[in-house]
There are 2 protein chains.
Amino acid sequence: MNQKTAQPSANKPASLADVAAMAGVSTGTVSRTLSRPEMISEETRDRVMQAVQKLGYVVNGAARALAMRRSHTIGAVILKFGSSNFAQVVEGLESEVAKKGYTLLLSAPVPDGKTEFTALAAMLARGVDAIALLGFEGLEQTTEILARYPIPHAHLWGDPKGGGHCIGLDESRNGRIALEHLADLGHKEIGLIWGQTQSPLRYRSRLRLQGVKAAAKKHRLHINPDACIYTEHGFEQGRHAAKQLLSASTGITAILCASDYLAVGAMRGLQESGLRVPRDMSVASFNDNDFSAYVNPPLTTLHIPIREVGMKAGHYLLSQLGEAMGSDPHALEVQLKIRESCGAPASRK
Amino acid sequence: MNQKTAQPSANKPASLADVAAMAGVSTGTVSRTLSRPEMISEETRDRVMQAVQKLGYVVNGAARALAMRRSHTIGAVILKFGSSNFAQVVEGLESEVAKKGYTLLLSAPVPDGKTEFTALAAMLARGVDAIALLGFEGLEQTTEILARYPIPHAHLWGDPKGGGHCIGLDESRNGRIALEHLADLGHKEIGLIWGQTQSPLRYRSRLRLQGVKAAAKKHRLHINPDACIYTEHGFEQGRHAAKQLLSASTGITAILCASDYLAVGAMRGLQESGLRVPRDMSVASFNDNDFSAYVNPPLTTLHIPIREVGMKAGHYLLSQLGEAMGSDPHALEVQLKIRESCGAPASRK
DNA sequence: GAGAACGGTTCCGTAGGACCG
DNA sequence: ACGGTCCTACGGAACCGTTCT
């Protein structure tokens with residue numbers, strides 16, 4: 001009884017065989033009709049298409065992936081999703097790969113110990129064609145499995161020395177640009193509210209800090225170690241740090257923050273303590289988040305093309321996959337947004 | 001020659017057969033060892049595990065999905081990713097489904113015409129086990145294919161009347177709560193900066209507005225139609241709208257905004273025009289975004305548990321999939337965050 | 001442990017028509 | 001008019017790597 005006939009509307013999704021039966025052709029023909037229609041005569045093509053329509057057929061991705069050894073899926077594994085700008089990166093990445101019919105498979109493990117590795121392994125098991133790693137630590141196990149599984153992968157915001165293709169900016173230069181702005185304004189003594197710089201994960205942060213310090217030395221601008229606070233990123237952390245800085249009475253006239261989160265929080269802390277920005281204290285930072293132009297005062301910050309980093313990664317991965325991509329249009333240019341949170345230093349008290 | 005022997009380190013990923021050959025067992029045994037280790041004798045289990053280790057074996061998800069008819073993947077298709085709080089929803093969703101070993105497949109089509117449908121079809125083709133729809137319009141084609149493909153799905157922020165399981169809040173009530181705060185403060189004449197309310201996509205926005213208006217009537221508070229501006233969400237739009245409102249000279253003492261983006265932009269616009277918030281004008285809104293407590297002045301806003309909506313959706317979908325989930329812990333409670341952007345109305349000029 | 005699904009893709013082969021000398 | 005060749009459109013079947021009986 002149970003022949004290979006088309007079941008008009010069973011409760012199971014229609015398969016290729018169902019379509020073939022209804023159209024009176026073989027499964028191979030249906031497959032070809034769908035993937036390379038020009039190889040099929042118009043007449044049978046119509047018949048097949050009709051059957052497809054009628055049965056509401058959609059391919060089974062698992063079967064397809066198994067046969068083709070291509071899933072048309074790009075993995076993105078993200079350490080610390082919430083507390084950073086990764087959402088924007090993901091958005092850029094998604095929009096880029098979607099152009100070629102790829103879909104993003106997302107994993108955002110909470111970073112503790114070796115989840116980095118297990119998350120990566122899970123991605124690989126899912127059969128992604130390529131993989132984007134955001135904020136990776138570069139554990140041994142990680143690099144090893146990456147080497148064993150020869151699929152294209154890119155580190156976003158990673159350490160170039162960790163091996164593999166890295167996408168990011170010249171953070172040392174970024175640090176310099178920001179500091180020079182402060183120097184140009186006439187500041188001689190500044191404070192820092194920075195992120196953690198220890199772990200390998202904080203590579204970028206460390207590099208940026210080096211750029212700041214080198215430029216400070218060059219411009220004879222003093223960064224008092226007592227006026228440097230290292231903390232996590234976040235508004236509240238910035239607010240708290242600013243108050244600490246104030247209580248230390250170090251004579252600084254400006255604060256350079258590692259992120260807009262920190263900076264906006266810091267401005268809030270300063271204002272709560274009765275200081276005016278920028279009259280009493282200048283504040284500058286990095287990233288140019290969407291809110292930064294609309295806080296009060298608008299924040300002077302170095303614009304980082306975050307979304308573009310995601311797009312660039314997508315472009316790279318796709319081209320590695322053999323997709324025709326053209327040359328990379330994503331330039332990753334940084335731009336200092338001079339707004340109102342920085343001014344000349346107040347005359348010394 | 002080419003027997004089924006293990007190839008220690010070819011350039012192809014090891015398969016189940018390779019592991020089986022190396023361990024001297026059948027593929028079935030290996031499969032069981034991996035999925036239900038307790039069924040296998042300790043001795044052979046060790047042998048298998050060793051082979052797995054040695055070959056760096058990881059399962060082929062496509063083959064597994066094909067055989068089990070389960071991909072352990074949840075689709076999330078998102079209309080208008082960037083311009084909303086969907087990133088947080090996605091984060092919540094991801095964290096919830098990850099607990100049970102599921103991964104998110106992400107699609108964020110640019111919404112124009114029927115992309116909603118094609119994106120959905122693409123997800124289905126990928127073989128997701130369940131699907132979360134964020135910000136859907138409820139096109140006919142969409143609901144039809146959803147009906148045909150009997151997989152669990154949930155609409156987030158959708159219209160309950162559109163059919164299907166909807167997750168969201170009582171927006172009418174939310175509108176009322178915000179308005180009553182303004183009424184309690186003594187405001188009699190207020191303005192609105194709101195999002196679009198026309199398209200089906202804006203269902204939530206419309207409902208919230210209805211709640212506001214109903215409460216206004218009840219509390220004898222006047223909403224001057226000339227002081228209502230409908231625009232897109234965004235800082236710049238808010239800033240622009242505030243200036244429009246000012247030039248209309250309508251005697252309003254407070255502005256209620258549909259989102260924090262709008263509100264923060266509006267405050268900026270007011271400040272640029274020389275007004276002080278809240279002395280000259282109160283501003284309130286909805287969402288309680290992360291930056292809202294740190295702008296100047298801190299924004300009074302109705303906290304919406306956005307991340308929790310994502311988690312709740314994950315919980316629902318997983319339980320529909322037959323995972324043991326326990327009762328739903330996500331209550332979705334709203335909370336008015338009274339900060340400093342609202343005060344009593346200034347005495348009339 | 002053997003072997004049949006699972007649902008596609010793709011290689012290979014062939015029927016049949018067009019075209020040629 | 002006929003045998004041979006080339007080409008196109010399609011059918012048949014092997015194969016992808018698991019799971020489950």
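Hydrogens, waters and symmetry mates play no part in the numbers below; they use all other heavy atoms, side chains included. Chain letters run A, B, ... following the sequence lines, proteins first and then strands; every chain starts at 1.
Close to D/dC10, at under 4.0 Å from its OP1 or OP2, lies a side-chain N or O of A/T44. A/T29 has a side-chain polar atom (N or O) that falls below the 4.0 Å cut-off from OP1 or OP2 of D/dG11.
Nucleotide D/dC15 holds its P atom 22 Å from the CZ atom of A/R64, rounded to whole Å. The CG atom of A/N60 sits 18 Å away from the P atom of D/dC16 (whole-angstrom rounding). Counting to the nearest Å, the C1' atom of C/dG8 and the CZ atom of A/R70 are 17 Å from each other. Atom CD in A/E43 sits about 8 Å away from atom P in D/dC10, given to the nearest Å. Residue A/M39 contributes atom CE, which lies 13 Å from atom P of C/dC12 at whole-angstrom precision. Distance CG (A/L16) to P (D/dG11): 12 Å, rounded to an integer number of Å. Between A/H72 atom NE2 and C/dG8 atom P there is a gap of 15 Å when expressed in whole angstrom units. Rounded to whole Å, the distance from CE on B/M68 to P on D/dG17 is 18 Å.
Side-chain contact between A/V90 and B/V90 is absent, with no heavy atoms from C-beta onward closer than 4.5 Å. For the pair A/I40 and A/P37, the minimum side-chain heavy-atom distance is 4.5 Å or more.
With D/dC16, D/dT19, C/dG8 as the choices, the nucleotide that has an atom nearest any side-chain atom of A/L66 turns out to be D/dC16. Here the nucleotide nearest the side chain of B/R36, chosen from D/dC20, C/dG8, D/dT19, is D/dC20. The side chain of A/V25 approaches D/dG11 more closely than any other nucleotide in the set C/dT9, D/dG11, C/dG7. The side chain of A/T27 lies closest to D/dA13 when the candidates are D/dA13, C/dG7, C/dC12.
Counting non-hydrogen atoms under 4.0 angstrom, A/I40 reaches the backbone sugars and phosphates but no base. Among the protein residues, A/S15 comes within range of the sugar-phosphate backbone only, with heavy atoms under 4.0 Å from sugar or phosphate atoms but none that close to a base. Heavy atoms of B/R69 sit under 4.0 angstrom from primed sugar atoms or phosphate atoms, though from no base atom. Within the 4.0 angstrom heavy-atom criterion, no nucleotide atom of any strand lies near A/G127. Nucleic acid contact for B/S35: none, since no nucleic acid atom lies under 4.0 Å from a heavy atom of the residue.
Taking a pair to require two hydrogen-bonding distances under 3.5 Å in either a Watson-Crick or a G-U wobble arrangement, D/dA1 remains unpaired.
The distance from atom OH of A/Y102 to atom CG of A/L321, rounded to the nearest 0.5 Å, is 4.0 Å.
With the nearest nucleotide of DNA chain C identified for both B/A63 and B/S26, B/S26 has the one nearer the 5' end.
Nearest heavy atom pair, residue A/E94 against residue B/L106, reads OE2-O, 3.9 Å.
When each of A/Q88, A/E96, A/E91 is checked for a side chain to side chain donor-acceptor pair (under 3.5 Å) with A/R307, only A/E91 meets the rule.
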Dump the intermediate steps for side-chain hydrogen bond (donor to acceptor under 3.5 Å, both in side chains) on A/T103 and B/R126, then the final yes or no. CA-CA 9 Å; A/T103 313; B/R126 288 297 200 291; 2.8 Å; yes

